[in-house]
Structures are given as structure tokens and as C-alpha cells.
> 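Pasting in a structure now, in C-alpha cells, and then I'll have a few things to ask.
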Amino acid sequence: MNHPSFFGHHSKILNIDLSKNLIQSKSLDPAIVEDYLGGRGLATRIFYDEINPECDPLAEDNVLVIATSLLIGTRAPTACRGHMVFKSPLTGLIGSSNCGGTWANVFKSSGYDVLVIKGKAAEPVTIDICPDEVKIISAKHLWGLDVHDTTKKLSTKSEAGKRPSILCIGPAGENLVLISSVMNDKNRAYGRAGSGAVFGSKNLKSIRVSGKKKIQIKDSERFQSGRDQALYLMKAAPITKRLLRELGTSGLLKLINIIDMLPHKNFQDNLHKEKDLEKISGETLRKKILERAGGCFGCPIACQRHTRTGDKNGEGPEYETIVMTGLDCGIYNLEAITNANYCCNELGVDTISFGGTLACAMELFEKGFLSTKETEGAELRFGNAKILREMVKLTAYRKGIGDKLAEGSFRLASFFKHPEFSMTVKKLEIPAYDPRTSFTQALGYMTSPTGACHLRGGYAVSLAFFGGTREIPRFSLLQSPIAIRNMQNLGIIQDSLGICRFTGFAFPTEPWSRMASGVTGMDFSTSRLEEIANRVATLERIFNLEAGMNPEDDTLPDRFSTEPVLVEGKEKLLQKKVIKRMRNDYYEVRGWDVFGIPSQTLLKTLKIKGRKK
Amino acid sequence: MKTKKWKASKELIRLFQTVGRASLIYDIQDSHSGNMALLWTEKKGDKKIVITSTGSQKGDLEPNQICFLSASETDFGYYKASSETDIHARILTSKDVYASMHCHTKDLVIATLDDEKKPNKPAPFVPIDPLGYYFLGGLVPVDWFKVPSGSPEMIRTIPERLSNHPVTVVQAHGAFSRGRTLKEAFFLLCIANNSGYIVRLANKLGINVKGLRNKIQSDPDSFFTYPPAKYLIEEEKPCDFPEEEEITREFFKAGARIFESRLSPFHTGSLSIRGVKTMLYAPMASMPREIGGPLREIPLSLDKSDSPELQIHKKIYAKSNFQTVIHCYVPEAEALSYFTNPGETEPVDRIVPVDAEGSFLYLVIPVVPQKFDFDELVRLLHDYKVVTVRGGGIWGVGTQSISEVLHHPSSLREICLYRIGALEQGLDLKKMEPKKAKRW
Ligand code: SF4
């Protein structure tokens, strides 16, 4: 059925079957936008309809959907983010990843709202998308190139007057590294859960987009009122007004240390010396290596760090990278961390999972379960900064011990018969906030649809410490289940509108609601947005259950229940009974049964229809 | 009679000190005005009047400024006790009256002034807000006295008035109240002063107060959303939630702010935070720091015995993802909700901020009628986070925290004050209202 183009959209889905070399444009049904918004919600629904949940994530029947949203192409602040959904080869569950940069905007200006990729090309290919033509072309000459070289090569080939944006993988994705990323603008990443390997498994090296098509706004005055309010509130909040621009996300480091949340040595403790942190803080980064701040398309916050160490320049490191490839590996060497970060970006490796996996390997090594025999002489000891960059390379090329690191920490630790050293939830590495130091964050990791992710799981840290008026207690059993559900929902709304999570430091949904309703003329009141978020969260859950997820996996590694850390001088851990109570309470607030399964009544209430095919 | 030293229990001293301080914080006393009294039965059964001393500072009472007098005869205590002691002593002889209080309730005093030739019988004061109307029994008597302090006329008249009304006004002086407890007597004076303040604001705003009073008196129940729950006098200990220390602290912080910032009179309003099956609920949310108030854990499911106010908390939770709910009687919002824009015939359906911060935080604050549609209230709360109910207080919601939900009445009060201030200066609000202030 053809649907006329509607406000905020081009109303087109671009379908590409790489096995059949088939390119098709389908119309986008406005009803699905009303029910699932865009970005994450829209991509999840389309993905759910297209995929066999039991498929092998690295086989040709995996489906990859990238969706833009109704705010992309408008002047809504930070509206630049695309959302990618796929079945993750790392977790076997839904992969749901969000990325800034320019790609989503340029893709939308090529005249499409959503891209769906299926099948597997017979040989390496790149997809070239312009308003007039979509082509699948050979990428044999690009295969083996790193992200930066690939981007450079494809950028120079663009036609005059059209600014292309490139999405591509590096050698890590080509080598099916399970912790590999898809990169945009060289250094922006669809980072987590192995999106790079899914590209690689499809022989898809890159997607180049260009165009100048514009969308129509239904009610500019209403849109503008939301935009004005958003900009005002962003200027009023110190984090969005100053901190992120001046210090980047690394400016959070000292702040997070104040609340004892910084992990150390594979989450064995949270103890850091002030002088060590000083060496890698946002302030030091700014003094020593920052060249300039930068921003994604249309972003007034501009948190990007364009940096230089020695003769190399690039982007980063971000807070997560500093903590996971640095502190969690016992490393406080800014140059080494920055170089490892550059290398991850060039080769297309997720810095969080890489850091978590290396930290796990270091613990195995120090405890004698992994030796120099397996590491070919490398001393995988905490604090050994010298090996950092080399380990990224070995991982990306699956060489030596890198072949095991490439599988992520759960498989690595299991291979060496000590899975207890893997700090993962559902095989995804826990990011840079110790769950023992906030019940709400812990519950977020436990229930995130993608495994331990601070974004898909809900960024509770912001509420527990610098939430301003929304600040909540860190150790409240009463409040945590609802607080995290609400935070996850806010995240779903943000991901589904294509806007940056960092705006959440300044305000939740109201301005977005006005902007979304203004752009489309549809009713996107905040209660509708909440309803959409509940629908998306439940659909993600259904997919995971169909894909074989065991609800018992909504938990944390044993370390967090048995080895306390110090918070303001008091020992804190998450007893098993606390984990269980929080999990059950969370199921209840989500409307899932005691086994974590959404009930039929809930599906009816949320109007979640079954799979199309 | 054998004399002995006054030996007030620590608890009694603390009660007088905390209520005294609260009356100063609420600005219904001057530094030395007013007095408080209660009836005290000693272990042996002797009845005593416990009363503040004459000239004492109620905001900083010393233990020896709390006098113990015999209730049956004149004793030495009368030398030091308040000059209004005889009035209190008579008030305390009434059935079920154990406390009385006198304050300089300035707003109520102003609202009951007249320029008639004296002596006269001033008109009673009729509140136009639900708290005042229901708690004060529909009206507050006002009397003019030739000697308006401790005079025989007052000793005769005031107890008589208080036998039929909880509060009475001495014109151009202050008000007296009686209660089952000292806190109740204080509560009633706060309510009465708040009502006076609302009427003053309404007069300033050119609202037809007489017309409102006529409507209220002919059918109060349809004029107000619901009668507020009865004032609780049982000393409820707030439950101490050892597991939820942080949240408990948040409640009392918020309660103190509600009281001190006059977002709702003493022990009115309500505040809650929901858990999965239960909610923590403060039914008397306006709580001075030292006095506090009850905090209960109650099921989220509706119960027949729930007050209408508690029911609304529960229903909001049932229909939304909100985590915190607040209800306050913000007097400025109450008054503004009856305001009619020049050239219009109906009162406003929104309060539009004209100040910079207010207009960015809230494009508008919707105003709904007394008997609002509940689904509409929830919809508006989703979109605007705070709603004023004409004749029913304000409702606010938060997605996460107590502090977040407290911000709504607090901002709203400022927003209203700026609007009222602009009107006082004869400014054209329509010109000042941002164009974007539409109710979408
Ligand atoms: S805040 Fe940073 S990550 Fe977010 S859109 Fe702006 S530049 Fe990109």
C-alpha cells in the first residue's frame, strides 16, 4: 500500500537485499510512526517484522535496520542521531545502537526515512544512496582498509554539490570481531553489541549517502516553542551549557569518583588515588591533548574532543573509554589510552567492550589462568599501558590472544574456564559505573534489552548524582524499579526522536513532545510518548524471549553480590535477595509476569500486533 | 496552696517553642505578639493552664516563659502570664477545648478592616477557598472592641464566639482560635490567615468576591472540588523506614519547604512517592522542620476509606508512569484562578507566566474547574506537569524525585506573584505574555 508523504517524513523505506542484489523503495505507513515514533522504536518494529528471531546473527538472514526520526532534518537541537537494530552476534539478543555524527541527517536528505538491509553480498560491497539513484557497488578495493582510509576514499568520490556521509566498518568488522563497531564520520560509533561484525558478515563495507531533500513541518510555531524551551533549558543546566563543551564527557571522571562509582581492575574495587585520576581527567585532557571541541550535526552542546598525541590526531577519549580501557585495566596513562582509542576508531572496535574484555584477560592472567604461552609473551598485567594499542590490533585482526579477545569477555573467560571473571550481563560488558554504588543503575544493567548498557539500560547515574531537581537516592529499593523504568522510557523516547541523550541532563520530554507534535501534526503528547516507550520496551523484550533469552539472565555477575566496595566509607554490595526483589518489582512495573514475560493483556493494552510475516 | 517551681516537661517546652517558631516563620506574629495556651492535667488531677508569658518572643521562647497557672484560682503565675490570660482561661473551659491561640494574622486582619463609624458590628469574614470555608465553618465572626486587648468585653465575647466558631477576629488586632491540641489551634489560624490573604489578592485582582461568596454560601459542595479531610490530632509518629532513610529525609525537607515558602498552610496539602505495590504518603505535607507530620506506607490500590485527596494520588499513579505527586493550596494560584481577563466574561483557563524562568519552564499552567474531568487532569499533568484546580488547590507530578515535584508549586507561586505584581502596576498582561503561551 502506498502512503502519501506526511509531515516530518519522506515516507520511504529503502529495502536492500544483498543476496539478491535487490533495491526496493517501500512507503512508510504513518500509523507505524504514530505507534513507534522513529529511530529506535520504528527500527525495532520493522526489524521485528522482518527477522526470524532464531537466526544466526552472522548468517545472511540477520536483518539490519537503520531508522532516522521525525526530528531529523529539522532544527531541533541535537537531532542528528540514527538508530540501528540488528540481532547481536555478541549477545544473541537484540542489538540496538545509536550514533551521532552526520550520517542520519544526510541519509534523510537523500529522501528516505529508514534503511533495511538483508542477505549477504557475494563479495565486499558498498551501498551508495543518492536521491536519484541507489547502487550496490563493489568494495573489493576498500576491504582491508581501516575506517579513516575508507572514509577518505569514499568522501573524495562524491559528486560536486552533494556532501556525502560515510558509514563503514574497519578490519574488526570484516574479521567478525564480536565487539566491533560501525563508524560514521571516522570516529562516531554504532558502538556496542557487534554491529560491525553484522556488516562484515554481509560483506557490507560501507554505506555512503548524500542528498539535499527537505522535509515539511506542519506547525512551525508549535515546533519553535518547544525548540526555544529546549535551548533555554540546555543553557540553564551547567552540564549541557559548559561542562560537556569545555571538558567533554571526560569531565565526568572526577565527579563520578566523588560518588565512588569508578570501577578499577575488572570491577575488583573502586579505589583510585587522586593523583592518578588527575593524570587522565577531563581537565588534564584539555590542557595536554585537546585541539578543539566539536559537535555532531546541529548540536549546540559540542562534546566531541578532537585531540592530538605525538604525531597522531583523532577523536577522544570519552569518559567511557578512559574508564574502561584505562582505570578498569589499572591504567592511568592518558597517551596510551588516547592511542588505544584512536586505534579502536580506526579499526572499528567498541572501546567499552574492548576495555572490559582486556580487564577480564588481565585478571585471568594475574590469577594464573592465562599465561604468556597463550599471550605470546605479552604481560597482561593490570597497569601495563604498553600493551594497550597492540591488544586492540590483535583483537581487530584476530591474531594470537586477540582471537580470544575478539569474542568478548564472557567467551574469553569461559574458554579459560573461569566465567566468573567476566563482568557482563547477557554477555555484554558492563560499562564505566560500578553497579554496587547505585541500585538504580544496577537494575538498569540487569534489565537492559541489549545486555549491560548504560544507555539502553537507563542512565541512572545522572539521576543519582547530578540530576538537579530530578536527583534521586542511590540506595532506595522503593524508588529504583520505577526510577529505572522511567529513565529507560526517557531513553527510548530520545532514541526514537533521534536526539542526544545528553539533553536529558537539562530536561526530560516536554519540549520534545511539542516539537514532535509541531513537526508532524500528530498527537505526541508526553503521555503518548510514554505509551510508545512502554510499547517499544515490551517489543524488545518479546524479541529477546523469542531469540532464546533466559529471564534468569536479568541479573549481575556474582562479584557484585559477594565482594563489597566502599561508598562513603561504608561497604556496599547487592545481595542476591536485593537483586531478586528489584528484578521482580521491575517486571511488575513493566506489566510483565513473574517470569519476566509480557502478558497477553499487556500486549492488548499496548496494541502490540504480532509479526507481519 | 503550696507553691512549687514550674516544671514543664521537655516535650511541653518543645511544643510551645516549635509552634511559636512556626508562627513567626509563617508570619502571623510580630516579634512579641500573640499567645498560646493549653489545658494541662497534672498527675494528681489538678488542672493547669499552660500559657506563654507576657511580652515573650514567640519565636524564641525560653522554658521560664512558659507559665503554669492554676485553672481554678488566681495564683502567682498570673503575674508573669500573658495579658490575655483571662480570655484563654475562659476559652479553655469549653467542652473538648484543650488549647487556644492568639496571633496577629495580618492578612485576615486587613481583609476584615472597615471604615464604618464606631461602634459597629463588622460583617463576618467569608472565605472563598476550600480550606477556609470548610475548616472555619463557613465564616469567621469579626468584632470591634473599644479596648481591643485583654478587656472585659473581650473576655466575655471571644470565648462566646469560639463556642460556635473555631476562629474569631478582633477587628484591627488579630485572631483567636481554639483547638483540641495546640497544633490544631495553630493550624486554624494559618488557615484563617491564608483565607484572608486569598481574599486580599482577589480584591486586588478585581475579582467579584461578593459574587463568589454568594455562590459559595448557596451551594458550597458544588463550588469546591471536595471538602478537605478532617484535621488529625492523634500524635502520629512518622513511620521510620530504615530501608528508605534517604527518601524519608527528602519528605521532611520538602515538607519544610512547603510550609516555609507558604506553598500550602500548616499541615495541609499532600505528597507521595510510589513504589511497586505501596506508596509513601504524607497526608499533611506542609510540615515545619521541627514539627513534621505523619508519613505512611499505604497500598497503591484504592480503598473505600481513602480521602478524596488520597484517591487522586492513587488514580494518577494508576493512569501514568509518574513517580511523585504533590497537592498544595498555593494561595496566589487559588486567587488567580478566578481572574477574568479584561474584555472577557469567563475566568482564565490558564495562568501564563510573564517572567523569564517561568515562561521557559512552563508555557502555561492550565486551570481546570472545580469538578474537573479526571482523565483530562491526567492528560494535562502529562503535558504541563502542574495544574491549578479552581477551588481545589494545585496538583503537580514528577517522573523521578520528590525534589522535582516540589519545584512545581514553588515555581507556580512565583509565576503568580509576578502576574499579580504586574497587574498591581497597571501593566497590560496580554502584551507581556509570550506568544508561544498557547495551551496545546
Ligand atoms: S552532545 Fe556530543 S554526542 Fe551528543 S549530539 Fe552533541 S556532540 Fe554529539
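Only heavy atoms go into these numbers, but all of them, side chains included; no hydrogens, no water, no symmetry mates. So that the names make sense, note that chain A is the first sequence line, chain B the second, and so on, each numbered from 1.
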> What is the minimum heavy-atom distance between B:Ile247 and A:Ser476, and which atoms define it?
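Nearest pair, atom of B:Ile247 first, then A:Ser476: CD1-OG, 3.2 Å.
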> When rounded to the nearest 0.5 angstrom, what is the spacing between CG in A:Leu478 and CG in B:Leu280?
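Reported value, rounded in 0.5 Å steps: 5.0 Å.
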> Most heavy-atom pairs under 4.5 angstrom with chain A, which of B:Glu244, B:Glu357, B:Arg274?
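Greatest number of close heavy-atom pairs with chain A: B:Glu244.
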> Quick check on A:Arg528 against chain B: is it the side chain, the backbone, both or neither that has a heavy atom closer than 4.5 Å?
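It is neither, since no heavy atom gets under 4.5 Å.
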> Kindly indicate, with the supporting measurements, whether the criterion side-chain contact (heavy atoms from CB on, under 4.5 Å) is fulfilled by B:Gln323 and A:Ile472.
CA-CA 11 Å; B:Gln323 181 142 34; A:Ile472 60 165; 5.7 Å; no
> Is A:Asn489 in contact with chain B via its backbone, its side chain, both, or neither, using a 4.5 Å heavy-atom distance?
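When you check distances to chain B, only side chain atoms of A:Asn489 fall under 4.5 Å.
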> To the nearest 0.5 Å, how far apart are CG in B:Leu363 and CZ in A:Arg222?
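Rounded to the nearest 0.5 Å, the CG-CZ separation comes to 10.5 Å.
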> For atom CD of B:Glu344, decide whether the heavy atoms of other residues, nucleotides or ligands shown that lie under 6.0 angstrom number more than 12.
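Buried by this count: over 12 neighbours within 6.0 Å.
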> Does A:Thr526 use its side chain to pair, donor to acceptor, with the backbone of B:His382 at less than 3.5 Å?
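Confirmed, A:Thr526 side chain pairs with B:His382 backbone.
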> Whether B:Lys277 and A:Glu588 form a salt bridge (side-chain N of Lys/Arg under 4.0 Å from carboxylate O of Asp/Glu) is what I want to check.
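Yes, A:Glu588 and B:Lys277 are salt-bridged.
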> Go through it in stages, so that I can follow the logic: the residues are B:Tyr362 and A:Glu510, the test is side-chain contact (heavy atoms from CB on, under 4.5 Å), and I'd like the CA-CA distance, side-chain angles, deciding distance and then a yes or no.
CA-CA 9 Å; B:Tyr362 311 92; A:Glu510 296 88 82; over 6 Å; no
> Is it the case that more than 12 heavy atoms not belonging to A:Lys580 sit under 6.0 Å from its NZ atom?
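Not buried by this count: 12 neighbours or fewer within 6.0 Å.
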> Sort by residue number and list every residue of residues 399-414 of chain B having at least one heavy atom under 4.5 Å from chain A.
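So far as heavy atoms go, B:Thr399, B:Gln400, B:Ser401, B:Ser403, B:Glu404, B:His407 are the residues that approach chain A to under 4.5 Å.
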> If every non-hydrogen atom of A:Asp228 is compared with every non-hydrogen atom of B:Phe360, which pair is closest and at what distance?
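That would be O-CE2, 3.5 Å.
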> Could you walk me through whether B:Asn321 and A:Val589 pass side-chain contact (heavy atoms from CB on, under 4.5 Å), step by step?
CA-CA 9 Å; B:Asn321 284 348; A:Val589 296; over 6 Å; no
> Check whether more than 12 heavy atoms from other residues, nucleotides or ligands sit under 6.0 Å from atom CD of B:Glu290, and answer yes or no.
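Counting neighbours around CD of B:Glu290, more than 12 heavy atoms of other residues, nucleotides or ligands fall under 6.0 Å, so yes.
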> If you measure from CZ on B:Phe322 to CG on A:Asn486, what distance do you get to the nearest 0.5 Å?
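Answer rounded to 0.5 Å: 9.0 Å.
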> Is chain A contacted by the side chain of B:Lys319, its backbone, both, or neither, given a heavy-atom distance below 4.5 Å?
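For B:Lys319, no heavy atom lies under 4.5 Å from chain A.
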> So, does B:Glu246 use its side chain to make a donor-acceptor pair with the main chain of A:Phe475 at under 3.5 Å?
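Looks like yes, one N/O pair under 3.5 Å.
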> B:Leu361 versus chain A, heavy atoms under 4.5 Å apart: side chain, backbone, both or neither?
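Contact with chain A involves both backbone and side-chain atoms of B:Leu361.
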> Would you mind checking which part of A:Leu477 comes under 4.5 Å of any heavy atom in chain B, side chain (CB onward), backbone (N, CA, C, O), both or neither?
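Backbone plus side chain of A:Leu477, per the 4.5 Å heavy-atom cut-off to chain B.
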> Given that the side chain runs from C-beta out, which part of A:Arg590 has a heavy atom under 4.5 Å from chain B: side chain, backbone, both or neither?
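Neither the backbone nor the side chain of A:Arg590 comes within 4.5 Å of chain B.
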> Does B:Lys371, at its NZ atom, have more than 12 non-hydrogen atoms belonging to other residues, nucleotides or ligands within less than 6.0 Å?
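Check passes, neighbour count above 12.
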